[in-house]
Amino acid sequence: MELELTKEQKMFRAEIIEFAHKNLNDPAHLQSFSPEMWRTISEYGLLGIVVDEKYGGLGESFVTAAAVIEALGYACKNNGFIFAVNNHIWVSQNMIFFHGSEQLREKYLYDMVKGKRIGAIAITEAESGSDALSMRTTATEKGDSYILNGSKIFISNGPIADIFLVFAVTKSETKREISAFVVEKGFDGFEVSPDIEKMGLGACPTSEIVMRDCEVPKENILGGLSRGEFLMTSALEWERCYEFVPHLGAMQRIMESCVEHVTSRRQFGKHISEFQAVSHKIANMKSAIEMARLMMYKIAWLKDQGKKAFLETSIFKLFVSEAYINTCRDALQLFGAYGYTTEYEIERELRDSLASSIYSGTNEMQRNTIYNMAALSTGIS
């Protein structure tokens with residue numbers, strides 16, 4: 001596994017940093033979705049970073065995508081906007097690219113890659129969060145269509161999305177199974193609630209969606225009938241890597257702010273960086289960033305080799321989310337009262353970070369997954 005980025009990858013990363021600094025930090029939209037920033041990033045071409053050129057994408061490797069999206073998280077302070085972008089890319093648009101029929105790709109991919117249609121994934125229900133397989137939304141066959149009934153909650157991008165990847169129960173003759181459907185916002189019987197107010201990530205709108213006899217054509221089944229459990233696993237694998245990659249960039253940005261602060265502020269006649277209680281917090285930040293970055297590139301390399309990385313992405317999600325939260329908490333401590341003010345933005349960074357231990361599967365569920373998979377293996381492989 002090669003750990004050194006190529007010259008071209010480094011140049012791409014530098015271009016993204018410059019682009020994001022210049023175009024993706026409108027302070028007026030730190031708490032609300034910006035259609036203008038969406039148009040800007042769409043025109044730049046980043047949405048289709050790993051999608052084939054045939055569908056309007058860039059056709060880059062997953063390692064390149066990891067390097068670029070980390071840079072995006074570093075240079076764009078709007079964590080909610082980056083979350084919206086990644087939800088569109090990895091668990092909606094790219095799921096159609098990876099698993100969709102040629103008909104579905106031709107129908108939806110080009111517009112999604114160009115940002116003309118925004119995507120979302122709909123799995124979570126009010127009574128089935130971590131236990132996603134107990135979902136109650138149903139899909140009943142009717143001629144050339146399926147009729148969907150049920151609701152989904154806490155759907156990232158819900159209020160702004162045009163295309164939803166909806167998971168529903170489809171019953172075979174012998175057992176209860178799950179299938180995934182590509183549902184358009186304009187389909188009859190499909191409703192989207194207003195934005196749900198949250199304590200953080202305000203620039204990524206979130207909503208409930210409701211389906212009342214929503215008719216979806218059979219050709220909009222993703223990956224084949226009764227393949228929903230497999231597709232959920234696939235979506236979570238991508239999500240637990242690439243939706244957490246920007247957090248590394250955010251951690252780097254926050255650490256640099258802390259270094260600047262502690263090397264300029266003086267107390268008791270010396271810079272506060274000279275106190276170990278201060279410097280050790282920054283040492284912990286740096287250690288976490290470097291360890292997480294190694295796992296990030298391992299996962300991206302595995303995906304470039306066409307290999308599974310379910311265990312690795314669970315470890316990555318768990319480690320990064322907790323390191324991200326700890327970094328923000330320590331930054332607040334280092335900035336003291338200044339960090340508690342809105343001017344210095346540390347309090348916003350902390351609020352944005354807290355949800356990372358919940359989305360993409362709670363950290364408690366990640367520990368269950370890691371234990372179960374570790375218990376099945378012994379020795380070094």
Side-chain angles (χ1 to χ4, degrees), residues 3 5 10 13-14 16-17 20-21 24-25 30 63 65-87 90 199-204 239-263 273 277-300 312-336 338-340 344-360 363 366:
L3 294 178
L5 295 177
K10 291 177 181 177
R13 186 174 61 181
I16 287 294
I17 291 173
H21 274 314
L24 301 181
N25 285 301
L30 284 171
V63 167
V68 165
I69 291 175
E70 182 192 357
L72 187 66
Y74 169 76
C76 175
K77 295 181 180 181
N78 193 326
N79 304 310
F81 180 75
I82 300 303
F83 194 73
V85 167
N86 272 310
N87 265 277
W90 297 101
M199 69 180 291
L201 301 174
C204 178
E239 188 176 51
R240 288 170 185 168
C241 178
Y242 284 95
E243 286 193 5
F244 287 80
V245 165
H247 301 343
L248 291 185
M251 290 162 62
Q252 180 74 31
R253 178 180 71 241
I254 294 163
M255 184 194 73
E256 291 177 5
S257 295
C258 289
V259 170
E260 181 180 0
H261 179 71
V262 302
T263 53
S273 60
V278 170
S279 61
H280 284 187
K281 282 182 168 52
I282 294 176
N284 289 340
M285 294 178 188
K286 179 62 173 176
S287 297
I289 292 168
E290 292 299 325
M291 294 298 290
R293 189 173 285 136
L294 288 172
M295 180 60 88
M296 174 187 78
Y297 283 124
K298 177 183 179 180
I299 294 169
E312 289 81 0
T313 56
S314 288
I315 293 171
F316 183 70
K317 188 275 183 193
L318 173 65
F319 183 82
V320 171
S321 61
E322 296 191 348
Y324 183 27
I325 293 168
N326 287 338
T327 293
C328 292
R329 284 175 173 165
D330 283 346
L332 184 66
Q333 199 70 21
L334 293 176
F335 274 79
Y338 294 102
Y340 202 64
Y344 283 76
E345 298 191 315
I346 299 299
E347 57 83 28
R348 179 180 60 81
E349 298 277 15
L350 176 57
R351 286 189 287 107
D352 287 345
S353 74
L354 290 174
S356 66
S357 67
I358 300 171
Y359 51 72
S360 302
N363 284 6
Q366 303 315 309

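Keep in mind that what you see is a predicted model, and the values were worked out from it rather than measured. Nothing fancy with the numbering, it's 1 onward along the sequence.
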Query raised in the report: In chain order, what residues pass the ring pair (Phe, Tyr, Trp, His ring centres under 6.0 Å) check against Tyr340, with sequence neighbours excluded?
Result: none
Query raised in the report: Does Phe316 have any ring pair (Phe, Tyr, Trp, His ring centres under 6.0 Å) partners at least two apart in sequence or in another chain, and if so, which?
Result: none
Which residues satisfy the side-chain contact (heavy atoms from CB on, under 4.5 Å) test with [X], sequence neighbours excluded?
X      : result
Asn284 : none
Ser273 : Val262, Thr263, His271
Glu347 : Thr342, Arg351

Taking only residues two or more places apart in sequence, or in another chain, which ones meet [X] in a side chain to side chain donor-acceptor pair (under 3.5 Å)?
X      : result
Gln333 : none
Ser321 : Asn363
Ser314 : Gln366

Do any side-chain atoms of residues 65-72 form donor-acceptor pairs under 3.5 angstrom with protein atoms, and if so which ones, sequence neighbours left out?
{"residue": "Glu70", "atom": "OE1", "partner": "Arg293", "partner atom": "NE", "Å": "3.4"}
{"residue": "Glu70", "atom": "OE2", "partner": "Arg293", "partner atom": "NE", "Å": "3.0"}
{"residue": "Glu70", "atom": "OE2", "partner": "Arg293", "partner atom": "NH2", "Å": "2.6"}

Query - Interatomic spacing from SG in Cys258 to CE in Met251 - rounded to 0.5 Å - result: 11.5 Å
Query - Reported OH-to-CD1 distance for the pair Tyr338 and Ile346, which is rounded to 0.5 angstrom - result: 14.0 Å
**Report entry** Test side-chain contact (heavy atoms from CB on, under 4.5 Å) applied to Phe83 and Asn86, Asn79, Asn87, the passing residue
**Finding:** Asn87
Requested in this report: For Glu239 and Tyr359, test the side chains for any donor-to-acceptor distance below 3.5 angstrom and give the result as yes or no.
Outcome: no
Query - Glu349: salt bridge (Lys or Arg N to Asp or Glu O under 4.0 Å) partners, not counting sequence neighbours - result: Arg253
Report summary line: Contacts of Lys77 meeting salt bridge (Lys or Arg N to Asp or Glu O under 4.0 Å) (sequence neighbours excluded), chain-then-number -> Glu345
Report task. Count the heavy atoms belonging to other residues, nucleotides or ligands that lie under 6.0 Å from CD of Glu290, then report whether that count exceeds 12. Result -> yes
Side-chain donor-acceptor pairs under 3.5 Å in residues 324-331, sequence neighbours left out?
{"residue": "Asn326", "atom": "ND2", "partner": "Glu322", "partner atom": "O", "Å": "3.2"}
{"residue": "Thr327", "atom": "OG1", "partner": "Ala323", "partner atom": "O", "Å": "2.8"}

Requested in this report: State whether the side chain of Asp352 and the backbone N or O of Leu201 hold a donor-acceptor pair below 3.5 Å, judged by distance alone.
Outcome: yes
